[in-house]
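Keep in mind it's a predicted model, so treat the numbers as computed, not measured.
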Amino acid sequence: MADRIYGLDRGDTEFSVSEDSSSPTKDVEVVVDLDVNLEKSEVLQLLDMIKNHIVKGNWPPA
């Protein structure tokens, strides 16, 4: 399984995004499975759906 993991800590900017094949142990992480051959546009569309789900849902989610 080939994953790409992006992460940010609170207070970081887009220029501080970590990108690795293992967890960077950041406050927020996104894992993309590279084995399923997603297009960049598909990943961005899926991230928008996740963002919309968070916006519309209860916070905190638990």
Side-chain angles (χ1 to χ4, degrees):
M1 177 194 246
D3 290 334
R4 181 56 62 189
I5 304 172
Y6 301 90
L8 275 175
D9 281 329
R10 179 187 296 180
D12 286 350
T13 67
E14 67 178 288
F15 305 106
S16 303
V17 172
S18 63
E19 179 180 348
D20 207 334
S21 59
S22 60
S23 175
T25 63
K26 298 290 185 175
D27 294 342
V28 176
E29 297 179 355
V30 174
V31 180
V32 178
D33 183 353
L34 301 176
D35 289 336
V36 297
N37 297 316
L38 292 167
E39 297 290 331
K40 184 189 289 190
S41 61
E42 292 174 303
V43 173
L44 294 172
Q45 183 181 31
L46 293 166
L47 286 172
D48 281 340
M49 289 184 217
I50 292 170
K51 179 182 172 184
N52 288 337
H53 178 80
I54 292 170
V55 167
K56 294 175 184 175
N58 294 327
W59 195 263

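- Between the CG atom of Asp3 and the OG atom of Ser21 there is a distance of 8.5 Å, given to the nearest 0.5 Å.
- Taking every heavy atom of both residues into account, Glu29 and Pro24 meet most closely at OE2-CD, 3.4 Å.
- Remark: the backbone N or O of Leu8 is not paired with any side-chain donor or acceptor of Asp27 at under 3.5 angstrom.
- The distance from atom CG of Asp20 to atom CZ of Arg4, rounded to the nearest 0.5 Å, is 6.5 Å.
- Between Asp9 atom CG and Ser18 atom OG the span is 8.0 Å, to the nearest 0.5 Å.
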Donor-acceptor pairs under 3.5 angstrom involving side-chain atoms of residues 37-55: please list them, not counting sequence neighbours.
| unit_1 | atom_1 | unit_2 | atom_2 | d |
| --- | --- | --- | --- | --- |
| Glu42 | OE1 | Glu39 | N | 2.6 |
| Asn52 | ND2 | Asp48 | O | 3.4 |

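- Residues Val28 and Tyr6 do not share a hydrophobic cluster, clusters being chains of Ile/Leu/Val/Met/Phe/Trp/Tyr side chains in contact below 4.5 Å.
- Ile5 and Ser22 make their closest contact through CD1-C, 3.5 Å (heavy atoms, listed as atom of the first residue, atom of the second, distance).
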